[in-house]
Amino acid sequence: MTTIGWLQISLLFLAVLLAIKPLGLYMARVFSGERTFLSPVLAPVEGGFYRVSGVDPNKEQSWLGYTLAMLTFSLAGFLALYAMLRLQAHLPLNPQDYPAVPSDLAFNTAVSFVTNTNWQNYAGETTLSHFSQMAGLTVQNFLSAATGMALAVAFTRALARSKVTTLGNFWVDMVRATLYVLLPLSIMVALVFVAMGLPQTLEASVTAKTLEGANQVISLGPVASQEAIKQLGTNGGGFFNVNAAHPFENPTAWSNYLNILAMLSISAALVYSFGQMVGNRRQGWALISAMAILLIAGVAITYWAEAQGNPILTAVGVDPALGNMEGKEVRFGQAMTALYAAVTTGLSDGGVNGMHGSFTGLGGLVPMFLMQLGEVLPGGVGSGLYGMLVFALLSVFVAGLMVGRTPEFLGKKIEGREMTFAMLAVLILPLVILGFTAVSAMLPFAVASIGTSGPHGLSEILYAYTSTAGNNGSAFGGLTGNTPWYNTTLGIAMLLGRFAYVVPVMAIAGSLAAKVKAPASAGTFPTDGPLFVGLLIGIILILGGLQFFPALALGPVVEHLAMLAGQTF
Amino acid sequence: MRDAVVKLDPRKLLRNPVIFVTEVVAAVVTILFIRDLASNPPQAGFSGQIAAWLWFTVLFATFAEAVAEGRGRAQADSLKKTKSDLVARKVAANGTTETIPASSLKVGDVVLIAAGEFIPGDGEVIEGVASVNESAITGESAPVIRESGGDRSAVTGGTQVLSDEIRVKITVQPGSSFVDRMIALIEGAQRQKTPNEIALSILLSGLTLIFLFVCVAIWGLAGYSGTVLSVTVLAALLVTLIPTTIGGLLSAIGIAGMDRLVRFNVIATSGRAVEAAGDVDTLLLDKTGTITFGNRMASDFLPAPGVTAGELAEATLLASLSDETPEGRSIVALATGEFGVAMPNMTFDAVIDFTAETRLSGVDMGARRLRKGAVDAVLRFAGLKEQNGPADFHSAVERIARTGGTPLAVADGERLLGTIHLKDVVKPGIKERFAALRAMGIRTVMVTGDNPVTAAAIASEAGVDDFLAQATPEDKLAYIRREQQGGRLIAMCGDGTNDAPALARPMSESRCRPAPRPRAKPPTWWISIQARPSSSRSSRSANNS
């Protein structure tokens with residue numbers, strides 16, 4: 001660990017901190033339907049959408065209506081993307097004449113992008129046409145992110161309002177999230193990326209003559225635009241297979257900075273918007289603090305573990321000063337790779353700029369554990385916020401029992417109904433992750449896909465299901481995921497991780513919205529102070545730790561101990 | 001201990017999922033232990049030990065519950081005993097009395113209760129005054145006065161008359177009396193789950209389910225790693241992970257909570273009521289009888305110019321000797337106590353009783369015509385015009401009125417002697433109680449029919465946060481409605497029948513909830529505050545839980 005490394009990390013968090021308030025206030029205005037400085041340009045476009053689609057923007061939906069609209073929209077998105085991938089040979093913009101994507105891979109990919117996961121069992125540059133990338137994947141990058149934001153905003157309204165049955169209009173929230181937030185920011189970030197040297201072209205590739213005189217075909221494409229929304233929407237699906245480790249996706253330390261900044265900003269700022277919309281900014285900051293503390297701890301542990309290097313290599317004479325450089329890009333180094341790994345998994349981004357599978361045992365454990373905590377640090381755009389709010393409800397419930405009052409969060413009483421749905425939501429993650437991992441670990445043909453034997457192999461499987469169930473999309477590397485078994489089960493894991501989680505969460509929102517918002521009195525447990533932040537962190541860690549530690553113990557922990565004992569896999 | 005073993009019945013444990021799972025696991029490990037004994041004796045030591053620990057965990061939970069229940073049962077038994085021994089002297093239509101068991105009393109029966117006897121059932125005093133020891137119900141050792149008419153007429157079965165004789169009309173069927181309900185409550189405490197308890201069980205069941213799954217998954221993952229985890233090990237892991245301690249103690253906590261309340265003389269009609277009480281934001285208190293003693297009491301004598309304090313005190317004492325109202329008695333007490341006037345022993349020529357028209361009372365003895373009463377009435381009696389009295393006298397009257405007191409004037413014939421300061425006396429220690437409530441985050445609001453000046457004076461003396469003066473029942477309702485609309489939870493505390501409409505409002509509110517849930521008991525509960533020297537038996541409080 002170096003001072004420079006820590007400075008780099010601190011500077012980034014400072015930059016995010018500065019972005020939170022203006023962006024958060026802007027989004028709060030957008031989702032409250034107020035005028036913003038972009039309204040003169042965008043309001044007519046927005047109105048046009050409603051006229052064409054016949055949506056009445058003033059008609060609000062109940063939680064069920066909102067959820068059904070979201071499910072219908074996602075299903076339509078999935079079907080469209082699946083069809084596009086299967087028919088890409090007949091569609092335009094296919095300079096490399098790629099054939100149709102096989103059905104299981106198309107299923108996996110379509111699910112992956114609709115659920116904001118962006119797990120990549122395909123290799124973008126050798127499987128997908130430009131049309132599939134741009135009209136298929138990039139469009140879903142926008143829509144799945146906007147869906148997450150809409151759901152989070154609906155949940156926010158449930159807490160902000162008193163005695164109502166409606167949570168807003170899904171279509172309006174979708175359109176506004178895309179039009180006012182994602183699109184302008186993407187254009188801005190994409191242009192900066194182009195300036196940083198990312199390709200943005202419809203050319204398929206350039207051919208270069210190497211020093212040996214051989215011809216090298218270098219893949220190109222509309223990289224910058226996809227890269228921008230990949231990070232802003234916490235999608236993480238890169239244009240190239242190696243994602244942000246590829247020099248065209250992430251050429252410099254500066255582009256790396258912008259990558260991380262872009263993925264963190266909206267998620268963190270949305271929490272601020274939440275505080276603004278429920279009328280308690282301190283509440284927003286309290287949640288942000290809890291997220292930040294856990295995330296920074298994750299960064300620190302990863303950085304420390306990686307900077308220690310591998311004692312086995314040190315023993316054979318490698319200078320330990322550089323740390324464990326296996327699977328890392330020299331232009332980023334330890335600090336930036338550790339930061340990227342923790343942020344991409346604390347978020348639901350899933351882009352990678354190094355191979356997580358090449359991290360040391362503990363270094364690899366952290367990204368996995370951050371995902372298993374529920375990806376709420378600060379999580380995917382929207383999904384992180386509502387995930388965190390479920391944890392907040394659980395914390396408030398535990399605290400409420402301790403102070404002897406019916407637990408309240410922002411004046412809403414938390415009762416049996418909310419607890420039932422909260423538990424249903426919390427159940428999904430361990431069920432999907434551990435269930436599929438255990439089954440895969442026992443099936444010989446599933447085990448055959450892993451790249452390394454021993455505990456590292458188990459980590460590969462565990463990581464894959466953790467990443468998909470959490471809708472993260474980052475990969476450990478090593479696992480050959482493009483098999484019918486993994487394409488199908490990972491797809492199912494993504495579907496359950498997104499929708500089986502969201503439906504109970506929205507049911508909570510519906511139930512909360514109908515309740516009276518009681519004003520805080522001196523006897524109310526304050527949910528915007530350090531005590532609550534501590535409690536929240538405790539609940540997240542205890543819940544996540546108890547659920548996944550036994551599994552982690554058999555994977556990365558064993559690997560770490562084996563490494564110390566001089567054995568590697 | 002025997003109860004703890006009986007509670008191991010899986011059908012009974014099904015109510016508590018965490019402990020139920022623990023018991024099932026314990027049973028499985030026991031079977032494995034027996035198998036190991038037969039086939040693999042070295043392993044048996046391990047599985048035997050695990051089995052023992054698991055059974056110990058389950059027993060711990062059932063034992064805790066049994067102990068808590070035992071306490072409640074002992075309490076109910078003692079109450080039942082009070083009840084079963086009761087006999088009643090029923091007054092027949094022709095005036096004769098017959099002794100019958102209290103359980104055969106019907107609504108409308110009139111019973112006679114003499115000093116030393118127990119009141120056989122809940123009812124209303126229709127004749128007589130008696131001091132009653134209600135400590136069996138309220139825990140308050142000082143006897144209280146029960147008299148016919150007014151707010152003090154209700155008596156409770158099982159309490160003991162200490163002096164005098166009263167006739168009581170039974171108003172409640174045997175079996176639904178206050179004591180019966182208390183017994184039912186204490187016995188039934190363990191059978192009702194409160195809303196928070198239900199929510200907590202859901203949380204615990206959810207966690208149990210998750211960890212059950214974790215353990216099954218571990219078995220698969222260990223298989224990959226080439227380790228075979230025995231069922232015994234997994235069982236031990238599961239029981240370590242699931243929240244057994246809190247799950248096991250949950251019902252015991254609930255019962256113990258109710259039990260603790262009973263020891264503080266708070267009787268909750270349901271666990272729901274206890275939780276609602278915890279959520280109360282605002283407490284409306286009736287002034288009379290709750291914050292103050294309810295009777296105005298003489299606190300000072302203010303002589304008119306040219307009259308000594310002793311003279312005034314003596315005259316006032318004489319004028320009040322035959323006045324049996326609480327005010328009259330308090331004047332006597334003040335004169336003989338603080339002012340040291342000896343109790344005179346003389347006969348009066350005439351006793352003038354207070355009437356609503358004359359608004360004064362007093363005695364005639366020889367040449368003296370002593371009168372006390374409303375200021376204007378006494379002035380008129382003394383032949384003075386309204387504003388014609390001495391300036392000092394008028395300023396004293398004004399001062400008393402301003403501080404929320406009631407001035408009474410005293411005159412001997414045409415000679416104006418002075419004023420008596422009648423004061424609504426705030427109960428000692430009430431200010432500290434309100435401060436404690438404030439620290440808990442509960443706002444106190446005093447409700448009174450007094451004028452704003454009086455109300456403000458008493459409010460500041462009692463230390464309430466707010467007051468509602470000249471409150472009609474409609475005003476109280478409006479206030480409650482306004483607070484409820486703001487989402488606050490209101491509790492109402494009073495002892496008079498005039499509180500009934502306001503009390504009903506929070507109750508009816510609870511029935512108007514969008515999703516009515518079945519409830520076993522109406523959301524009303526009794527709170528009895530111990531250190532209440534002479535006030536009524538109980539305050540009634542209702543809530544929109």
Side-chain angles (χ1 to χ4, degrees), chain A residues 162-163 394 397-398 400-401 403-408 411 413-424 426-427 429-431 433-442 447 454-455 457-458 461-462 514-524 543 546-551 553-555 558, chain B residues 193-207 209-211 213-227 229 234 237 240-243 246 253 257 274-282 437-443 483-489 514-515 517 545:
Chain A
S162 183
K163 273 184 150 172
L394 289 175
F397 183 77
V398 173
L401 292 179
V403 299
R405 286 172 74 96
T406 300
E408 270 174 27
K413 286 201 175 1
I414 312 302
E415 291 165 304
R417 191 176 157 83
E418 289 77 34
M419 280 327 277
T420 312
F421 288 120
M423 283 323 287
L424 275 178
V426 170
L427 258 174
L429 221 49
L431 206 67
I433 295 175
L434 295 174
F436 277 126
T437 306
V439 171
S440 298
M442 287 190 294
V447 171
L458 188 65
I461 303 176
L462 183 62
K515 295 187 182 205
V516 183
K517 198 168 161 69
S521 70
T524 314
L543 210 57
L546 286 179
Q547 287 170 4
F548 294 105
F549 191 74
L554 292 171
V558 169
Chain B
K193 276 192 176 183
T194 69
N196 281 347
E197 208 180 330
I198 291 168
L200 183 59
S201 323
I202 292 167
L203 177 77
L204 297 181
S205 310
L207 290 177
L209 204 61
I210 289 175
F211 292 130
F213 201 77
V214 167
C215 289
V216 174
I218 282 298
W219 179 72
L221 295 180
Y224 166 89
S225 307
T227 322
L229 287 178
L234 287 176
L237 178 65
T240 321
L241 285 174
I242 63 177
I246 184 156
I253 293 167
V274 177
E275 282 180 2
D279 294 342
V280 165
D281 302 295
T282 308
L437 284 174
R438 196 171 305 118
M440 281 189 264
I442 300 174
R443 232 163 62 86
E483 289 274 298
Q484 279 177 341
Q485 264 160 9
R488 288 180 200 281
L489 211 54
R517 278 179 270 167
S545 63

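First the proteins, then the strands, lettered A, B, ... as listed; each starts at 1. Everything numeric here is computed off the predicted structure, so don't read it as measured data.
- Considering only heavy-atom pairs separated by less than 4.5 Å from chain A, the leading option among Leu241(B), Val214(B), Val216(B) is Val214(B).
- What you find for Ala441(A) and Leu221(B) is that their closest heavy atoms are CB-CD2, 4.1 Å.
- Between Ile414(A) atom CD1 and Leu203(B) atom CG the span is 12.5 Å, to the nearest 0.5 Å.
- Taking CZ of Phe211(B) as the start and CG of Leu546(A) as the end, the distance is 4.5 Å to the nearest 0.5 Å.
- When Thr420(A), Val516(A), Ile433(A) are compared by the number of non-hydrogen pairs under 4.5 Å with chain B, Thr420(A) comes out ahead.
- With a 4.5 Å cut-off on non-hydrogen atoms, Met423(A) touches chain B through its side chain but not through its backbone.
- Heavy atoms of Val439(A) lying under 4.5 Å from chain B are absent altogether.
- Residue Leu424(A) does not touch chain B at all, counting heavy-atom pairs closer than 4.5 Å.
- Within the 4.5 angstrom heavy-atom criterion, only side-chain atoms of Lys413(A), from C-beta onward, approach chain B.
- The nearest pair of heavy atoms linking Leu458(A) to Ser225(B) is CD2-OG, 4.2 Å.
- Separating the CG atom in Leu543(A) from the CD1 atom in Ile210(B) is a distance of 6.0 Å, to the nearest 0.5 Å.
- The distance from the CD atom of Glu415(A) to the CG atom of Asn196(B) is 7.5 Å, given to the nearest 0.5 Å.
- Shown here for Gly220(B) and Ala438(A), the closest heavy-atom pair between the two residues is CA-CB, 4.4 Å.
- Of the residues considered (Leu434(A), Thr406(A), Val447(A)), Thr406(A) shows the highest number of contacts with chain B, using heavy-atom pairs under 4.5 Å.
- Residue contact with chain A, scored on non-hydrogen atoms closer than 4.5 Å, involves the backbone and the side chain of Leu200(B) alike.
- Note that the OH atom of Tyr224(B) and the CD1 atom of Ile461(A) stand 6.0 Å from one another [nearest 0.5 Å].
- Put simply, the side chain of Leu209(B) does not reach to within 4.5 Å of the side chain of Leu431(A), judged on heavy atoms.
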